[in-house]
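Each chain gets a letter, A, B and so on, in the order the sequences are listed, and its residues count up from 1. For the numbers below, each heavy atom of this structure counts, side chains included, while hydrogens, waters and symmetry mates do not.
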2 protein chains.
Amino acid sequence: MHMKTGVEQSVYALVLLNMLPDKAVLSGEAISQQLGASATYFQKLLRKLVTADIITSVPGIKGGFKLKKRPEDIRVYDVYLAVEGQQSLYSSNGILVDMLDLEKEDSCCLLTNLMEEAESSWKAVLKRETIASLSEEMRGERFKDKIAALEEWVSNKMVI
Amino acid sequence: MHMKTGVEQSVYALVLLNMLPDKAVLSGEAISQQLGASATYFQKLLRKLVTADIITSVPGIKGGFKLKKRPEDIRVYDVYLAVEGQQSLYSSNGILVDMLDLEKEDSCCLLTNLMEEAESSWKAVLKRETIASLSEEMRGERFKDKIAALEEWVSNKMVI
DNA sequence: ATAAAGCGGATAAACAATATCCACTTTATA
DNA sequence: TATAAAGTGGATATTGTTTATCCGCTTTAT
């Protein structure tokens, strides 16, 4: 039970896209390079973000990706959902139903309610931060002098 | 990102062991049969529960497993921990460190704090229920007439 | 027209979870 | 005291999921 690395990668990809000026895009290849991710595979992840209406893709030469929503409207939770899908962390295997010889329709499990609550509570925390708040955090004191290089890289790689 | 089925299996195994009278044990084979689990593999899971001091194993003929702690002292969380290990749901891949060219020691990630909070909050819910509370729930109205067969099975399979 | 970008499907590689096998130790009992 | 039935630990196979690659396709600025 471990979160896919694709979630972290996607979040940082969105932080990168959030550094773009209006109308500009970054190519999938450029993004994966900056993230140190496999380019061909990361394209698949970018597609999931497109499907989830988090980013927009522009085909053709001078194409690429940019944010579709405002960064303050993209929660970490939305990214998680887009990348990992909507399946729950827990799903019963119907062991109790078998042990007690219940009807299939009962779909009863002593753990399901508890696990659903736990998951909700977990998700609630992921809804607290957004791409905007993470971007702001990155621009804080701590990385003051390291940000410039990244901003320059974005300027060089972006396409308008 | 999905919880192993071993967690559900282990919880129900413990509920079964909780039906045993004092000093009695159930063999690993009997338990796996009742759970519909692979016997040889489930032995490995039982071992994890032994290592975690949740159950005791008795070797030799007339051997088997029984609870080591009182059922009200075994939280669902403890079972999860025993089966899945103590690794976190999320661990950073150091993408930000690479992007900003930080020192390795910084081990900095915008997501780590958030994810740790989320996980704590998730775990807190798993600490709420115990084998005792789940056993009680199983004995409630809903399964009134289905419990007898299971109790009889336990009586037949147990060894004192 | 062409080159550079995204799209979608098929497939491979890597890894983790599940399952099996076997030689070993332990212990009740005939 | 030999034996049968139980757990133990290691090696290994099977299965499933995640990550990665490849290729032919569409889109669009020049």
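Heavy atoms of A:V159 sit nowhere under 4.0 angstrom from any nucleic acid atom. Across all strands, A:G63 comes closer than 4.0 Å only to sugar-phosphate atoms, never to a base (heavy-atom distances). Counting non-hydrogen atoms under 4.0 angstrom, B:M1 reaches the backbone sugars and phosphates but no base.
The nearest whole Å value for the distance from the CD1 atom in A:I61 to the C1' atom in C:dT2 is 8 Å. Here C:dC7 presents its P atom at 14 Å from NZ of A:K48, a figure rounded to the nearest Å. Separating the NZ atom of A:K157 from the C1' atom of C:dA4 is a distance of 14 Å, rounded to the nearest angstrom. A:R47 has its CZ atom 8 Å from the C1' atom of C:dG6, to the nearest Å. Computed from coordinates, the A:L45 CG to C:dC7 P distance equals 13 Å when rounded to whole Å. Distance A:N93 CG to C:dA17 P: 15 Å, rounded to the nearest Å.
Using a cut-off of 4.0 Å between Lys/Arg side-chain N and Asp/Glu carboxylate O, A:E117 and B:R128 are scored as salt-bridged.
At distances below 3.5 Å, not a single donor-acceptor pair connects side-chain atoms of B:E72 with backbone N or O atoms of B:A132. The closest donor-acceptor contact from the side chain of A:S57 to the backbone of A:F65 lies at 3.5 Å or more, if one exists at all. Not a single donor-acceptor pair under 3.5 Å links the side chain of A:D98 to the backbone N or O of A:I95. Side-chain atoms of A:S133 never come within 3.5 Å of backbone atoms of A:E129 as a donor-acceptor pair (strictly under, hydrogens ignored). Without hydrogens or angle criteria, B:K69 side chain to B:D53 main chain gives no donor-acceptor distance under 3.5 Å. Side chain of A:S155 to backbone of A:E151: a donor-acceptor contact under 3.5 angstrom is found. A distance-only check finds a donor-acceptor pair linking the side chain of A:Y12 to the backbone of B:L110 [under 3.5 Å]. B:S88 contributes no side-chain N or O that, together with a main-chain N or O of B:S91, makes up a donor-acceptor pair within less than 3.5 Å.
Mapping heavy-atom proximity under 4.0 Å, the span of DNA chain D touched by chain A runs 5' to 3' from D:dT18 to D:dT30.
Between B:K62 and C:dT29 there is a side-chain N or O to OP1 or OP2 distance below 4.0 Å.
Donor-acceptor pairing under 3.5 Å is recorded for the side chains of B:S92 and A:E8.
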Open item on the list: Show, in sequence, the C-alpha distance, side-chain angles and deciding distance for B:N18 and B:S135, and conclude whether the side chain to side chain donor-acceptor pair (under 3.5 Å) test is met.
Closed with: CA-CA 8 Å; B:N18 190 30; B:S135 295; 2.9 Å; yes

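Taking the C1' atoms of five terminal pairs at each end of the helix from C:dA1-D:dT30 to C:dA30-D:dT1, the two resulting helix axes are inclined by 0°, rounded to 10°.
Nucleotides of DNA chain D nearest to B:P59 and A:K44 differ in position, and the one nearer the 5' end is that of B:P59.
Contacts of residues 18-43 of chain B with DNA chain C (heavy atom under 4.0 Å): B:S38, B:T40, B:Y41.
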